[in-house]
Trainee: 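Sharing a structure with you now.
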Protein chains: 2
Amino acid sequence: MGIYILPMPRAATTSDPFNAVAEPRRRQILDYLALQERSVGEIASSLSLEQPSISKHLKVLHHVGLVRVRRHGRHMLYQTNAEAIRPLHEWTKTFERLWAHQLIRVKERAEQKAAALEES
Amino acid sequence: MGIYILPMPRAATTSDPFNAVAEPRRRQILDYLALQERSVGEIASSLSLEQPSISKHLKVLHHVGLVRVRRHGRHMLYQTNAEAIRPLHEWTKTFERLWAHQLIRVKERAEQKAAALEES
DNA sequence: TTGACATATTCCCATATGGGAATATATATT
DNA sequence: AATATATATTCCCATATGGGAATATGTCAA
């Protein structure tokens, strides 16, 4: 182990939040765990998935810091760590101005078209 | 005959923007093409990657609508379609309130700790 | 037409993956 | 102690993948 960044056909799901979040099930889990902590069993039954699958997804999410865990008796209580989603938010935010501009241009073109129709 | 559910080991990179954007190179490309359209050759030399690799990444990005293309002579000019990033932004945004709350709690706990130290 | 340039496609291959099934580990209860 | 419950791990396997190299397609210029 150490710093190894190379011949990977596709970056590991555990390599960063972007990869971890690419899987729809894992986004579901994060949504579900956003407001309150839940046990693995609760997650499994709520999302209609087998417990081993949930455990594996949680392992990935925990590896990149997207969830916190604490033990409560036999149960492991997981909860979304929203802070880890922030980098994704920041990255997407850098494009916010752009889609606003693009929408304005679409609107302007539509208005020009409407004006042209009036004249004819 | 019946319904066969094909085993998908991992969703295709072309399945949605979340998967397309998981690849760091593709995020680089989107950053680079955010403000102005660029030819494949320009992208390749700017990001220090082989042209075939760039073309393949662009194919994925185009498939999910993250870039637009237009032909200009022999050149293909690509540009980021910011609108397609919006769903990612919206999803991450749903967690915005939460990390604000969590930061407040972290701050409060730190202050309590400091107060306890003062007393002792 | 021929040649030069720009981009796209194909072939190769080692690797991570997600789900299912079976099993292992950990904790609580009696 | 033994047993039940909760979670984690392991094994299996078909599949998509990213880069490199080679090649194909497309477009302009002379």
Side-chain angles (χ1 to χ4, degrees), chain A residues 1 4-16 18-30 32-33 37-64 67-79, chain B residues 3-16 18-30 32-33 37-64 67-79:
Chain A
M1 356 267 267
Y4 51 98
I5 306 176
L6 261 171
M8 202 99 70
R10 192 171 170 186
T13 58
T14 52
S15 60
D16 58 66
F18 283 93
N19 277 279
V21 144
E23 168 67 26
R25 295 293 197 182
R26 285 195 284 265
R27 291 201 300 280
Q28 267 189 277
I29 292 174
L30 291 174
Y32 183 65
L33 298 178
E37 56 186 5
R38 301 282 196 176
S39 71
V40 177
E42 286 176 308
I43 305 170
S45 70
S46 292
L47 303 190
S48 299
L49 243 157
E50 299 295 325
Q51 171 266 315
S53 287
I54 296 294
S55 283
K56 279 181 274 187
H57 282 312
L58 288 170
K59 189 179 183 181
V60 172
L61 292 171
H62 188 248
H63 193 278
V64 297
V67 294
R68 303 182 187 286
V69 213
R70 85 183 165 95
R71 177 176 282 287
H72 181 66
R74 293 182 266 207
H75 298 260
M76 295 296 271
L77 300 180
Y78 286 86
Q79 183 166 18
Chain B
I3 309 230
Y4 288 87
I5 297 173
L6 303 178
M8 191 76 84
R10 193 171 171 185
T13 57
T14 53
S15 60
D16 59 64
F18 283 93
N19 278 279
V21 145
E23 169 66 28
R25 295 292 197 183
R26 286 195 284 268
R27 290 202 301 280
Q28 267 190 277
I29 293 174
L30 291 174
Y32 183 65
L33 298 177
E37 54 186 7
R38 300 283 195 177
S39 71
V40 177
E42 286 176 309
I43 304 170
S45 69
S46 291
L47 303 192
S48 302
L49 223 95
E50 299 295 326
Q51 171 267 315
S53 287
I54 295 294
S55 283
K56 279 181 275 188
H57 282 312
L58 288 170
K59 189 179 182 180
V60 172
L61 292 172
H62 188 249
H63 194 278
V64 297
V67 293
R68 303 181 187 287
V69 214
R70 82 183 167 96
R71 176 176 284 285
H72 182 66
R74 293 181 266 206
H75 298 261
M76 296 295 273
L77 300 180
Y78 285 86
Q79 183 166 17

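Chain identifiers are assigned alphabetically (A, B, ...) following the order of the sequence lines, protein sequences preceding nucleic acid strands; residue numbering begins at 1 within each chain.
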Trainee: Name the closest nucleotide to the B/S39 side chain, picking from C/dT7, D/dG18, D/dC11.
Mentor: C/dT7

Trainee: Give a yes/no on whether any side-chain N or O of B/H75 is located under 4.0 angstrom from OP1 or OP2 of C/dT7.
Mentor: yes

Trainee: Is the shortest heavy-atom distance from the side chain of B/E23 to the side chain of B/T13 under 4.5 Å?
Mentor: no

Trainee: Please tell me which of the listed nucleotides, D/dG18, C/dG18, D/dT17, lies nearest to the side chain of A/P9?
Mentor: D/dT17

Trainee: So which of B/L47, B/V67, B/I43, B/I29 actually passes side-chain contact (heavy atoms from CB on, under 4.5 Å) with B/H57?
Mentor: B/I29

Trainee: Check the distance between C/dA16's C1' and A/E23's CD and give it to me in whole angstrom.
Mentor: 13 Å

Trainee: Answer yes or no: side-chain N or O of A/E50 and base N or O of C/dA21 forming a donor-acceptor pair under 3.5 Å.
Mentor: no

Trainee: Just to be sure I understand the rule, does B/R74 reach a base, reach only the sugar-phosphate, or reach nothing, if contact means heavy atoms closer than 4.0 Å?
Mentor: base

Trainee: Give a yes/no answer on whether the side chain of B/Y78 brings an N or O atom under 4.0 Å of OP1 or OP2 in C/dA8.
Mentor: yes

Trainee: For the side chain of A/M76, counting heavy atoms from C-beta on, which of C/dA8, D/dT9, D/dT7 is nearest?
Mentor: D/dT7

Trainee: Go through D/dG19, D/dA8, D/dT9 for me and flag the one nearest to the B/S53 side chain.
Mentor: D/dG19

Trainee: Under 3.5 Å, is there an N or O donor on one side and an acceptor on the other linking the side chain of B/Q51 and the base of C/dA6?
Mentor: no

Trainee: Looking only at side-chain atoms of B/R25, point me to the closest of C/dT17, D/dG19, C/dT27.
Mentor: D/dG19

Trainee: Round to the nearest Å and state the distance from A/N19 atom CG to C/dG18 atom P.
Mentor: 10 Å

Trainee: Can you identify which nucleotide, out of C/dT17, C/dG19, C/dT10, has its nearest atom closest to the B/K56 side chain?
Mentor: C/dT10

Trainee: Check the phosphate of D/dT17 against B/T13, side-chain N and O only, distance under 4.0 Å to OP1 or OP2. Yes or no?
Mentor: yes

Trainee: How close or far is atom C1' of C/dA16 from atom CZ of A/R10, stated in whole angstroms?
Mentor: 9 Å

